[in-house]
Each structure stands twice: as structure tokens, then as C-alpha cells.
Amino acid sequence: MPTKKQTIGWIGAGRMGYEMAGRLAKGGADVLVWNRTKEKAEPLKKYGAKLADKLPELAARDIVFCMVSTWKDVKEVVGKLLDGKAKPQMLIECSSISLEGSAELRGMLDGKGIQYLAAPVSGNAKVIKAGKLSFVCSGPGDAYMRAKPYLDMMGKGSSYVGEGELSRIVKICHNVLLGVLTQSLAEVTVLAQKAGVPRHAFLDFINQSVVGSMFTRYKTPAFVNLDFKVTFTPQLLRKDLDLGLDAGRRFEVPMPLASATRDLIQSMIGQGWSEQDFATLLLQQAEASGIRLKSENKEVGDGLS
Ligand SMILES: NC(=O)c1ccc[n+]([C@@H]2O[C@H](COP(=O)([O-])OP(=O)(O)OC[C@H]3O[C@@H](n4cnc5c(N)ncnc54)[C@H](OP(=O)(O)O)[C@@H]3O)[C@@H](O)[C@H]2O)c1
């Protein structure tokens, strides 16, 4: 636990970064936020966050969090952050990126004497609002202990899995499971419906069963009422399946289900379903099964509120 309150810099106010920085600000942290599209971050001011006009302004903060999209974007923003003389004491990188990217980042930061914690997350923006985000962390143990009070402000907990980039492979495995699980849920939901079971009734049972989870519960409203407002884009999920398949090749692990799911996500993107949530895998599965789904207009809980 740090003896003094740390000053926090926050890079990236997208769907995830906005809610995460918002929780820190609401919890009383001293947060300075920079987002490429500044307007998106403006509402964070009402929670007490300050906004930076230029990214290097964040370099004078004690701890800087980063939540952007891909490794290429992380490299770009961290490069700009460290362009001047000032440097933070620690960088906590939360985007879902590759092991190799994370190791390259560690090399860049080690060379400048900046502590680095790799801390990707599980949960979407709604999960963050409900206080249920979780982190998986790797890097020096003392960096984790220093970051922990701030991680705790953003969610329900964090797991420390060891040194180096170990958290990256855990997160990649998690998102491979997320993709495969969603496709599998789409298949059995369409199967049950074609056999005559309404989706809300089928999912009510699944959610109460031993295979129900926070994830199946919070995807239920989308599956029942076909509300596919984006929480996580098909492109970002495809990136994670690709990271999983790359890791599978590197470690010589066959991943037949991940491979098939990656291609189904690609087909969905190819058909133009890229602006909606990745749960549109359900619609693709229905079309492949010769049915067109309609909203069931049922009030179903998401298990979060
Ligand atoms: N959404 C989820 O459910 C979820 C869950 C767990 C993990 N993740 C991971 O979390 C990360 C963020 O996801 P998200 O859903 O929040 O994505 P998002 O809504 O698309 O937000 C992306 C953020 O990154 C910024 N950005 C991207 N490229 C940039 C660049 N080159 N320079 C500067 N800023 C850049 C964007 O700035 P602008 O606003 O200017 O575009 C925006 O703030 C991804 O790695 C994703 O895989 C997402």
C-alpha cells in the first residue's frame, strides 16, 4: 500500500477506459485523463477527473494506466507519453495485447527505469458499472502491491499470476473461451428454439444450471430481445482469437474449437455485422439454421443490477 496518495494518469476513454477511469475518479483518486477524441472523456469531469489536452502531460503522474485497443496503439501512445523529459514511476497496461507486445513494452520501460504491471481485465463496461470487473496481473510483486488499492477501486478483485507477461496468456485464454462459449451458446439456443423452446425459457434454465455463469446471465437480454448494442466489437474479439491461435502455434497446442470460432467471427464480419455486439453470432447461427429470429420482448434480468 503506498504511503501517499498516488497521482494517476489515464490513457484511453473508450468503452472500457471511460468506465474504469470514472470509478477511480468517483472513488476519490486524483486522475488526469487523456483520450485521442477528447469530447468522449468530457463527462468524466463530473466525477472529479481532470482532462489533459496533450498526452505527455500525463508523464509527470506517479502511475499511468493505459486502456486502448491493440499493441500497435499501445506502442504509439506510450511512445508519445515518454517523448519528453518527465516519466511516471509506473505504467499499468490493461488493453488485451500479445505476449510479445507486452514483453517489448517491458523492455522499453525497463530501459527508462519505469515499473510495469501487465493488468488485462475481464468484464465489459456494464460489468465495470456494476463493480464486478476483475484484473489478472503480472510483473514485479511490489508493483502489484502498489497498484492493488487502485485496482480494487475499479472492480471486485485482481489475481496476481507471477512475473513477466504471464497475465497476457491468461487473458488470451479467457477471451478464447469467451468466443467459443458464445458460439456454443448460440448453437444450443438456436437448436432449442427450432425444437420449440422459447429462448427466454431455455436461457432461464441454463442460467440456473451448473453451466450458467455471470457471462451467460448478462448475455441473456441480447439473446432474448436481440439488443445488439455493442459492448465488445467482433473485430476486437477476432484480434483475441488470433492472439490465442498464435500462442497455440508457438506452444504447439492444437486449438480446433478456437480455430472454427475464429472463422465464424470472420464470416460475421465479412457479412457486415461488425458495428454491433459480438453476440450477433446468434443471428449468424440462426441464418445458417434457416430461421430468422424475432425479439421475444420479454423482461429478463442480466444478473448485474
Ligand atoms: N469491451 C469489452 O467488453 C472489453 C473487455 C475486456 C477487455 N477489452 C479490451 O480492452 C481494450 C479496449 O476495449 P474497448 O472496448 O474499450 O475499445 P474501444 O471502445 O474501441 O476504445 C478504444 C480506446 O482506445 C483509443 N485508441 C485506440 N487506438 C488509439 C491510438 N492509436 N491512439 C490513441 N488512442 C487510441 C480510443 O480513442 P478514441 O476514443 O479517440 O477512438 C479509445 O479510447 C481492448 O484491448 C479490448 O480488447 C474490452
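In each ligand, atom 1 is the first atom listed, and ligand 1 is the first ligand listed. Being a predicted model, the structure only gives us computed values, none of them experimental. Numbers here are sequence positions counted from 1.
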Taking atom NZ of Lys46 as the centre, report whether more than 12 heavy atoms of other residues, nucleotides or ligands fall under 6.0 Å from it.
yes
Glu275 atom CD: more than 12 heavy-atom contacts under 6.0 Å
no
Only one of Lys219, Arg15, Lys229 passes salt bridge (charged side-chain N to carboxylate O under 4.0 Å, His left out) with Asp277, and that residue is Lys219
Take Asp152 and Lys148, measure what salt bridge (charged side-chain N to carboxylate O under 4.0 Å, His left out) needs, and give me the verdict at the end.
CA-CA 6 Å; Asp152 288 348; Lys148 197 172 177 303; 3.1 Å; yes
Under a 4.0 Å threshold between the charged nitrogen and the carboxylate oxygen, would Lys5 count as salt-bridged to Asp62?
no
Rounding to 0.5 Å, atoms CD1 (Ile11) and CG (Leu91) come to a distance of 6.5 Å
Any idea which residues sit under 4.0 Å from ligand 1, heavy-atom distances?
Gly12, Ala13, Gly14, Arg15, Met16, Trp34, Asn35, Arg36, Thr37, Lys40, Met67, Val68, Ser69, Asp73, Glu76, Val77, Ser95, Ser96, Val121, Gly123, Asn124, Lys171, Thr231, Phe232, Leu236, Lys239
